[in-house]
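Let me begin by presenting the structure, written as C-alpha cells, before commenting on it.
Since the structure is predicted, the reported quantities are computational estimates derived from the model, not experimental observations.
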Amino acid sequence: MSNVSPPGPPMAASPLTRAVLEIDEYASGLGWDQPARLFALVDTAQLRSQEPGLASQLGLGSDESAAPLTPIEQDEIPAGRPLDEFLGTIAWPDAVAGCAMTVERLMLPPSAEASVPDGLDEAGLAKWVAAHPDRQEVRMTVAVLRDGARESALRLREKDSPTEVLTGADLVPGLAEALAATFA
C-alpha cells in the first residue's frame, strides 16, 4: 500500500507560508482574469473554541492536522476603486491575526525598463505594458500578520502549476506595506 499525500498545498515551513499557498491554490482553482480578493487570517484553534458554528461551516472539525491559520474570504472589493484607497478604509477586529490579498498584474522583465517611453501617465504606462511582447501575467498572493511577519507567492500564467509558485517574504513589498497598514 502506497502513502498518498492528501490534496492541498504542500506542508510549508511556517503557518503564514502555508496560508499563502492555500490561498494561491484556491485562486488558481478560480482561473485567471479574476478580481482582487481579500482574506482575513484567523487562528484556527481560537476560531474552533470561540466560533464553533463558523468553524464547522468552514470544515474545521477537531482535525489536529488543520492549518494553524484559516483564510476567510471577505466581501468583494469594489470594482474601479484603487486598491490602496480601498485598503485605507479597512479596520480588522482583534480576532483577525492577519490578512492576505490575491491580485493579478502584468509584469515586464527588468530588461524592458530601459525602453519605457518618457512622460507616460499611469493609464498610458498600463497600456504600453499591456502591449509589450515580453509582458507576463502574474498572480500575487501577499499575506501579513499583526506581528509584522510577511509572505508572498507569485504564479506566472504561462507556468500555471503548483510546482512553479515562487514564495518569499519580500517579493511584493508595496502590497505587503499596504496590507500591514490595515492593522495600524
Side-chain angles (χ1 to χ4, degrees), residues 8-10 12 14-42 67 69-92 96-110 112-113 116 120-132 134-184:
S14 80
L16 190 56
T17 303
R18 193 168 167 188
V20 162
L21 290 173
E22 184 179 332
I23 293 167
D24 171 76
E25 183 177 272
Y26 167 75
S28 178
L30 298 171
W32 286 87
D33 305 316
Q34 296 291 316
R37 297 182 185 294
L38 181 67
F39 300 83
L41 298 175
V42 296
L69 291 170
T70 298
I72 301 174
E73 187 168 2
Q74 303 301 292
D75 292 336
E76 201 169 291
I77 295 170
R81 187 164 186 194
L83 278 183
D84 56 344
E85 193 179 286
F86 169 73
L87 290 173
T89 66
I90 294 175
W92 297 103
V96 174
C99 65
M101 178 173 268
T102 61
V103 63
E104 294 177 17
R105 291 291 184 258
L106 289 175
M107 227 173 58
L108 289 177
E113 285 183 33
V116 176
L120 289 179
D121 61 6
E122 199 170 322
L125 180 61
K127 199 171 178 178
W128 182 83
V129 170
H132 197 284
D134 294 333
R135 73 187 179 283
Q136 295 273 334
E137 286 182 78
V138 64
R139 180 183 305 114
M140 302 176 281
T141 304
V142 178
V144 299
L145 294 179
R146 282 185 188 273
D147 68 10
R150 297 169 178 206
E151 188 62 79
S152 310
L154 297 181
R155 183 187 291 243
L156 293 175
R157 189 170 188 159
E158 76 172 22
K159 293 183 178 186
D160 194 357
S161 157
T163 61
E164 295 286 342
V165 176
L166 179 66
T167 59
D170 297 317
L171 297 177
V172 192
L175 184 53
E177 286 292 327
L179 290 171
T182 66
F183 291 105

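I77 contributes atom CD1, which lies 3.5 Å from atom CE of M101 (distance to the nearest 0.5 angstrom). For the atom pair R146 CZ and W92 CH2, the distance stands at 9.5 Å (nearest 0.5 Å).
In this structure, the side chains of V20 and E151 come closer than 4.5 Å at one or more pairs of heavy atoms. With contacts defined as side-chain heavy-atom distances shorter than 4.5 Å, the pair W32/R139 qualifies. With a 4.5 Å cut-off on side-chain heavy atoms, F183 and C99 count as touching. The shortest side-chain heavy-atom distance between L145 and L16 falls under the 4.5 Å cut-off. Annotation: side chain of L171 is not in contact with side chain of M140 (no heavy-atom distance under 4.5 Å). Looking at heavy atoms from C-beta onward, F39 lies out of side-chain contact with I72 at the 4.5 angstrom threshold. Annotation: side chain of T182 is not in contact with side chain of V144 (no heavy-atom distance under 4.5 Å). Counting heavy atoms from C-beta outward, T167 and S152 have side chains that stay 4.5 Å or more apart.
Residue pairs that meet the salt bridge (Lys or Arg N to Asp or Glu O under 4.0 Å) test with at least one member in residues 153-162, sequence neighbours left out, are D24-R155, D33-R157, E137-R157, R155-D160.
Nearest approach of P71 to E22, heavy atoms of both residues: CD-OE2, 3.6 Å. When all heavy atoms of R150 and A176 are compared, the closest pair comes out as NH1-CB, 3.6 Å.
Annotation: D170, atom CG; neighbour count of heavy atoms from other residues, nucleotides and ligands within 6.0 Å does not exceed 12.
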For this session: May I have the step-by-step check of side-chain contact (heavy atoms from CB on, under 4.5 Å) for E25 and V165, ending in yes or no?
Result: CA-CA 10 Å; E25 183 177 272; V165 176; over 6 Å; no
For this session: Could you walk me through whether L69 and R18 pass side-chain contact (heavy atoms from CB on, under 4.5 Å), step by step?
Result: CA-CA 8 Å; L69 291 170; R18 193 168 167 188; over 6 Å; no
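Exactly one of T102, D75, L179 qualifies for a side chain to side chain contact (heavy atoms under 4.5 Å, CB included) with L38. That residue is L179.
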Please report, to 0.1 Å, the donor-acceptor pairs under 3.5 Å made by any side chain of residues 78-90, with sequence neighbours excluded.
unit_1 : atom_1 : unit_2 : atom_2 : d
R81    : NE     : E85    : OE2    : 3.3
T89    : OG1    : F86    : O      : 2.6

